[in-house]
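None of the values given here were measured: they were computed from a predicted structure. Numbering of residues begins at 1 and proceeds along the displayed sequence.
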Amino acid sequence: VCNGQALDWIMKNIVLIMWYFLGPILLIGQDWPELNRFREDNARLDVPKVNENRIVFMGNSITESWSSLHPEFFSGKSYINRGISGQTTAQMLVRFRADVIDLQPKAVVILAGTNDIAGNTGPATIKMIADNIMSMAELARVNNILVIISSVLPVYDYSWKPGLEPVAKISRLNEIIKNYAIKHGHTYLDYYAAMVDDQKGLKKEYTYDGVHPNETGYKIMATLAEQAIANTLDYAELKK
């Protein structure tokens with residue numbers, strides 16, 4: 001029989017006790033960063049051909065949906081879509097080696113951060129988000145991959161988690177990653193300036209829900225991305 005002190009200790013630590021016994025069971029079969037999502041697709045890819053400008057697009061649902069809502073952008077090019085819906089920068093950082101570095105691209109286009117601000121995997125400070133993006137850029141550079149860091153798209157409010165007031169957070173994050181890109185010689189791909197409305201949200205003609213682009217929005221992004229990729233590759237050639 002438990003005495004009063006023992007019972008009091010158990011009640012105060014019940015969450016830890018439950019996690020100790022149930023945690024391993026709950027985690028079985030979990031793939032938090034979704035490392036298996038593209039495992040087979042990655043295995044089927046050959047190494048890049050000589051002079052092939054392979055480009056990997058790393059991101060969340062905004063990147064993932066690009067292939068379905070504006071497939072022409074990827075057609076006939078050595079562009080590889082590695083977007084996963086709902087993902088935050090922490091998840092992308094974990095899978096960056098498998099889904100970017102191991103594919104040996106010439107460049108990576110990183111579009112990340114909005115789901116962190118929405119709190120998809122828990123609270124995250126702007127510094128935490130920026131640090132994860134910077135870590136991806138550093139991993140790419142060490143592996144001789146050119147880096148294109150995209151601005152976070154404007155959002156006035158998240159429909160699935162209203163009231164977070166993301167406008168100022170997105171502006172601050174974009175400022176940090178833009179300054180980082182300039183300082184370290186990466187390309188900053190500014191979708192934000194071309195797509196923002198007077199309320200600092202996404203222009204209605206470019207979106208279907210205030211967060212994700214529609215086909216028209218992707219066409220705007222495609223033009224900007226193509227220019228950023230061309231400039232990045234040209235500059236790299238000049239430096240040789």
Do Ser67 and Asn81 have a side chain donor and acceptor closer than 3.5 Å?
yes
So Met58 and Asp99, side chain to side chain contact (heavy atoms under 4.5 Å, CB included) or not? Walk me through it.
CA-CA 8 Å; Met58 168 59 86; Asp99 288 343; 4.1 Å; yes
For Tyr191, is there any backbone N or O sitting under 3.5 Å from a side-chain donor or acceptor partner on Ser151?
yes
Minimum side-chain heavy-atom gap Asp116-Asn120 below 4.5 Å:
no
Among the clusters formed by ILVMFWY side chains lying less than 4.5 Å apart, do Val94 and Phe38 turn up in the same one?
no
Could you tell me the separation between the CD atom of Gln104 and the CD1 atom of Ile101, rounded to the nearest 0.5 Å?
11.0 Å
Would you confirm whether Asn42, through its side chain, and Ala98, through its main-chain N or O, come within 3.5 Å as a donor-acceptor pair?
yes
Within this structure, what is the CZ-CZ distance for the pair Arg95 and Arg82, rounded to the nearest 0.5 Å?
8.5 Å
Under a 4.0 Å N-O cut-off, is there an ion pair linking Glu64 with Arg37?
yes
Is there a side-chain contact between Gln91 and Ile84, using heavy atoms and a 4.5 Å cut-off?
no
Working for side chain to side chain contact (heavy atoms under 4.5 Å, CB included), residues Leu139 and Arg97
CA-CA 8 Å; Leu139 280 170; Arg97 184 170 295 278; 4.0 Å; yes
Are the side chain of Ser75 and the backbone N or O of Pro71 linked by a donor-acceptor pair below 3.5 Å?
no
Applying a strict under-4.5 Å side-chain criterion to I, L, V, M, F, W and Y, I'd like to know whether Tyr188 and Leu233 cluster together.
no
Please work out whether the ring planes of His184 and Tyr180 are parallel, tilted or perpendicular, with thresholds of 30° and 60°.
tilted
Which heavy atom of Asn214 sits nearest a heavy atom of Gly217, and at what distance?
OD1-N, 2.8 Å
Hey, what's the ring geometry for Trp160 with His212, parallel, tilted or perpendicular (30° and 60° as the breaks)?
tilted
Could you tell me which non-hydrogen atom of His70 sits nearest to which non-hydrogen atom of Ala222, and how far apart they are?
CE1-CB, 3.8 Å
What is the ring orientation for Trp66 with Phe73, classed by angle as parallel under 30°, tilted 30 to 60°, or perpendicular over 60°?
parallel
So does Lys203 get a backbone contact from the side chain of Thr207, meaning a donor-acceptor N/O pair under 3.5 Å?
no
One should read off an interatomic distance between Asn143 CG and Glu138 CD, to the nearest 0.5 angstrom, of 12.0 Å
Side chain to side chain contact (heavy atoms under 4.5 Å, CB included) for Ile148 and Ile110? Distances and angles first, verdict last.
CA-CA 6 Å; Ile148 301 170; Ile110 302 168; over 6 Å; no
Does atom OH (Tyr208) have a neighbourhood of more than 12 heavy atoms from anything else shown, all under 6.0 Å?
yes
Lys178 and Glu175 ion-paired at < 4.0 Å
no
Between Phe57 and Ile80, is any pair of side-chain heavy atoms under 4.5 Å apart?
no
CD of Gln199 to CG of Asp157: how many Å apart, nearest 0.5 Å?
10.5 Å
Can you name the closest pair of heavy atoms from Ile177 and Ser150 and give their distance?
CD1-O, 3.5 Å
For residues Leu146 and His186, determine if any side-chain heavy atom of one lies less than 4.5 Å from a side-chain heavy atom of the other.
no
Would the number of heavy atoms belonging to other residues, nucleotides or ligands and lying under 6.0 Å from NZ of Lys127 be above 12?
no
CD1 of Ile149 to OG1 of Thr187, rounded to nearest 0.5 Å, is 9.0 Å
Taking the side chain as C-beta and beyond, is there a heavy-atom pair between Lys77 and Ile55 under 4.5 Å?
no
Single hit among Asn115, Thr121, Thr114 for side chain to side chain donor-acceptor pair (under 3.5 Å) with Thr88:
Thr121
Within a radius of less than 6.0 Å around NZ of Lys200, do more than 12 heavy atoms belonging to other residues, nucleotides or ligands occur?
no
What are the two closest heavy atoms between Ala194 and Ile220, and how far apart are they?
CB-CG2, 4.3 Å
When clusters are formed by joining ILVMFWY residues with side-chain heavy atoms under 4.5 Å apart, either directly or through shared neighbours, do Phe96 and Trp32 land in the same one?
no
Under a plain distance cut-off of 3.5 Å, with no hydrogens placed, do Glu205 and Thr216 share a side-chain donor-acceptor pair?
no
Given 3.5 Å as the limit, does a donor-acceptor pair link the side chain of Lys106 with the main chain of Ile145, or not?
no
Contact between Tyr218 and Ile62 at the side-chain level, heavy atoms closer than 4.5 Å - yes or no?
yes
Side chain to side chain, Pro213 and Leu153, heavy atoms closer than 4.5 Å:
yes
Option among Thr89, Ile129, Ile176 that satisfies the side chain to side chain contact (heavy atoms under 4.5 Å, CB included) test with Met134:
Ile176
Rounding to 0.5 Å, atoms OG1 (Thr232) and CD (Gln227) come to a distance of 9.5 Å
Check the pair Met136, Met92 against side chain to side chain contact (heavy atoms under 4.5 Å, CB included), reporting the backbone distance first and the verdict last.
CA-CA 8 Å; Met136 285 188 268; Met92 293 181 213; 3.9 Å; yes
Less than 4.0 angstrom from a charged side-chain N to a carboxylate O is my criterion; do Arg39 and Glu34 meet it?
no
Does some side-chain heavy atom of Val56 sit less than 4.5 Å from a side-chain heavy atom of Tyr79?
no
Can you see which heavy atom on Ile170 is nearest to which on Pro154, and at what distance?
CD1-C, 4.4 Å
Atom OH of Tyr156: over 12 foreign heavy atoms under 6.0 Å:
no
Are Tyr158 and Leu202 connected in a single hydrophobic cluster, I mean Ile/Leu/Val/Met/Phe/Trp/Tyr linked by side-chain heavy atoms less than 4.5 Å apart?
no
Backbone of Val147 reached by a side-chain donor or acceptor of Arg141 within 3.5 Å:
no
In terms of hydrophobic clustering (I, L, V, M, F, W, Y; side-chain heavy atoms under 4.5 Å; direct or indirect links), are Leu35 and Leu93 co-clustered?
no
